[in-house]
Amino acid sequence: MLNRTQIKEVLNTMENMYPDAECELTHSNSFELTIAVLLSAQATDALVNKVTPSLFAKYKSPEDYLAVPLEELEQDIRRIGLFRSKAKNIQKLCRSLIDDFNGEIPRERDELVKLAGVGRKTANVVTSVAFGRPAIAVDTHVERVSKRLGFCRWKDSVLEVEKALMKKIPEAEWSDTHHRMIFFGRYHCKAQKPACTECPLLHLCREGKKREKKAAAQ
DNA sequence: CTCCCGATAT
DNA sequence: ATATCAGGAG
């Protein structure tokens, strides 16, 4: 596990690598962001961003999503995958926005997770990106990077990973660090082919060292 | 735990 | 061919 000094170095290095890391899902308000994050489950941001321009042009309000048959919405998001459950969740989400939240995306995480298709991770993205409040959304990249570098234990659940990060990172840096970890995971510490040989954190990375030994043995 | 699921990279 | 992608619901 990383000690305090190593954690500071990791945060500094990631800041140097990705000083302007931010949400890459195209959106222009909290409603669009929530829909985009819901759609992004098990799909790449790049693919979601190909679909949302026409989607957001057609559907501008919760009422718009409820005005079409479910099958039509399914076809409009089909390319993203998991389209049947996502379409159903979007309509359920819009229904409860109108019925329970005055048509607005709620700001509290406890309220956000009541929305269909919105779990803790999506709620954290919305609170952080749309409402500018400190949060660490643990997605596949944040989980992988945290475990490879040693912010947490390998067997930790995503909730345990989030708690470990919140404990070890100053609250004022949660949102920036969270986005930098995503960029680091997405573009450098990739799932299939991580760039360990050119990684500035290799000397303190337990997974990187493991991979080095393995490569040397070949 | 399984299921949902198409697009893309390897 | 297989792994992975800003997960969540049942």
Side-chain angles (χ1 to χ4, degrees), chain A residues 14 18 20-27 30-55 70-71 73-97 105 109-131 133-148 151 155-162 165 174-197 207 211 215:
Chain A
M14 287 190 185
Y18 308 105
D20 302 316
E22 59 183 2
C23 178
E24 294 197 297
L25 290 165
T26 309
H27 67 281
S30 61
F31 180 58
E32 287 187 358
L33 176 67
T34 305
I35 300 292
V37 180
L38 186 158
L39 290 173
S40 71
Q42 299 299 102
T44 59
D45 281 15
L47 180 60
V48 174
N49 287 336
K50 286 181 183 173
V51 172
T52 47
S54 56
L55 190 74
L70 179 60
E71 295 72 22
L73 181 55
E74 287 179 350
Q75 290 311 306
D76 289 335
I77 65 171
R78 178 177 37 83
R79 285 202 297 153
I80 296 178
L82 308 181
F83 62 92
R84 278 182 276 264
S85 43
K86 286 175 182 176
K88 196 173 299 181
N89 283 334
I90 287 173
Q91 288 198 328
K92 286 179 68 177
L93 179 151
C94 289
R95 173 46 57 197
S96 57
L97 280 185
I105 299 292
R109 189 174 61 200
D110 294 347
E111 309 272 79
L112 283 164
V113 295
K114 292 176 184 170
L115 301 171
V118 177
R120 188 182 179 92
K121 177 253 161 183
T122 298
N124 279 338
V125 174
V126 173
T127 51
S128 169
V129 175
F131 302 130
R133 297 180 56 219
I136 301 178
V138 179
D139 68 349
T140 183
H141 301 298
V142 174
E143 179 180 8
R144 182 179 64 252
V145 168
S146 297
K147 291 183 176 179
R148 280 181 177 169
F151 274 94
K155 60 180 304 179
D156 280 349
S157 66
V158 287
L159 181 58
E160 289 171 324
V161 175
E162 182 184 332
L165 292 173
W174 285 358
S175 291
D176 283 341
T177 302
H178 143 238
H179 284 110
R180 286 169 191 151
M181 289 183 85
I182 288 177
F183 273 54
F184 185 78
R186 181 179 293 159
Y187 301 117
H188 183 86
C189 189
K190 294 180 281 189
Q192 294 188 257
K193 222 179 79 180
C196 296
T197 56
E207 175 66 12
R211 285 171 179 269

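Treat the numbers as computed from the prediction; the structure is a model and nothing was measured. Numbers restart at 1 for each chain; the letters A, B, ... are given by sequence-line order, proteins then strands.
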At under 4.0 Å between heavy atoms, what does [X] touch on the DNA or RNA strands: base, sugar-phosphate, or nothing?
{"X": "A:Leu25", "answer": "base"}
{"X": "A:Ala191", "answer": "sugar-phosphate"}
{"X": "A:Val158", "answer": "nothing"}
{"X": "A:Lys50", "answer": "sugar-phosphate"}

When the [atom1] atoms of [N] and [M] are considered, how many whole Å apart are they?
{"N": "B:dC1", "M": "C:dA6", "atom1": "P", "value": "23 Å"}
{"N": "C:dA3", "M": "B:dT2", "atom1": "P", "value": "15 Å"}
{"N": "C:dG8", "M": "B:dA7", "atom1": "P", "value": "22 Å"}

Practice problem: Write down the distance between CG (A:Asn89) and P (C:dG7), rounded to a whole number of angstrom. | Solution: 15 Å
Exercise. Let me know the distance between CG of A:Leu93 and C1' of C:dA9, rounded to the nearest Å.
Key: 14 Å
By nearest atom, which of the nucleotides [options] is closest to the [X] side chain?
{"X": "A:Cys23", "options": "B:dC4, C:dA6, B:dT10", "result": "C:dA6"}
{"X": "A:His179", "options": "C:dC5, C:dA6, C:dG7", "result": "C:dA6"}
{"X": "A:Leu47", "options": "B:dA7, C:dA3, C:dG8", "result": "B:dA7"}

Distance test, side-chain N/O of [X] to OP1/OP2 of [N], below 4.0 Å:
{"X": "A:Arg79", "N": "B:dT8", "answer": "no"}
{"X": "A:Arg120", "N": "C:dG7", "answer": "no"}
{"X": "A:Thr122", "N": "C:dG7", "answer": "no"}

